[in-house]
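Structure first, then comments.
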Number of protein chains: 2
Amino acid sequence: MTPVVVLGIDPGLACTGFGVVLVEGRRVTALAHGDIPTRPRAAPAERLHRIHTGVAEVLALHAPDSAALESLFIGLDPRAILAVGQARGVALAACGAAGVASAEYAPAQVKRAVCGSGRAPKEQVGRMITVILRLEGEPPSEHAADALAVALCHAWTVGAPALRAAR
Amino acid sequence: MTPVVVLGIDPGLACTGFGVVLVEGRRVTALAHGDIPTRPRAAPAERLHRIHTGVAEVLALHAPDSAALESLFIGLDPRAILAVGQARGVALAACGAAGVASAEYAPAQVKRAVCGSGRAPKEQVGRMITVILRLEGEPPSEHAADALAVALCHAWTVGAPALRAAR
């Protein structure tokens, strides 16, 4: 079975997390994960540009077959929706530029896939990701763990052959 | 007095309007205006990428000294905030990439600047823009008119010397 690579993205203006996983049949391993932080005192346009180039670099480096993001919880404060929405638009545009299709999962779907329950506490996501992907060394940041979680959710939801066919 | 160029942007997923004005002292003339439409059936990532490249093209062609956008009316439906926010983030990122500072004006501020009242009906903006900028031929689209209006608002609010100094 041809291995496929999935990029998970957790967009945010202050910090965008990313996680890249390799899916070989039922086996999923982490290839990379990390944060794209932006300078708090920089203008929003400059910070959004940084997110764009950061996501574009990850896409160029790992050439994922598919990308996945959490859908936004629409019950959030409108200002939070705007801030995350702007970062999200930029991350999606970078995927569009690279010709990488992106999928969306509700936060509860991601938690259910990774923790077994859609109501699992936030900290459990990081712990489960570390166990499932057998991560060693420093635990991933919260954003990177969320990005790995949505990548894992996507990999398990659609399965590797479907991911490849979706290109 | 050195002339300055201001780019107004009215971001939207379906269509992003732009308007470029030249400010020479108190005289403001329109250099260009138009729409960046996206394909309705394309994936959001592809549409957002199209907005990014479209705004980048306008920036490269007209080399504005400054950009201006309307701030989002936060009372909108959360889904609308997300959709416009994503397009807005992409337009801002393109400004960031070009090193062009961007300013924000509340919708009522723009209407007040152009129509003399913050509560002027939407159609009046297009009519006033056509008169003030002595536009000939086809009237600008609604998005392009809104983009020209925010550019004009910015030009009048900060004045040409301040625009140049802000670089």
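Per chain, numbering begins at 1; letters A, B, ... match sequence-line order. This one's a predicted model, so the numbers in the text were calculated from it and none came from an experiment.
- For A:A97, the parts lying near chain B are the backbone and the side chain together; criterion is any non-hydrogen pair under 4.5 Å.
- Residue with the most contacts toward chain A among B:H52, B:R47, B:E46: B:H52 (heavy-atom pairs, distance under 4.5 Å).
- Note: A:P78 leads A:P11, A:A42, A:P78, A:P44 in heavy-atom pairs under 4.5 Å with chain B.
- Chain A forms the most heavy-atom pairs under 4.5 Å with one residue out of B:V84, B:L82, B:L72, B:D77, and that residue is B:L82.
- Counting all heavy atoms, side chain and backbone alike, B:L48 lies closest to A:G89 at CD1-O, 3.7 Å.
- Annotation: the span from A:I81 atom CD1 to B:R79 atom CZ amounts to 9.0 Å, rounded to 0.5 Å.
- A:R39 CZ: 12 or fewer foreign heavy atoms inside a 6.0 Å radius.
- For CZ of B:R134, the number of neighbouring non-hydrogen atoms (other residues, nucleotides, ligands) closer than 6.0 Å is greater than 12.
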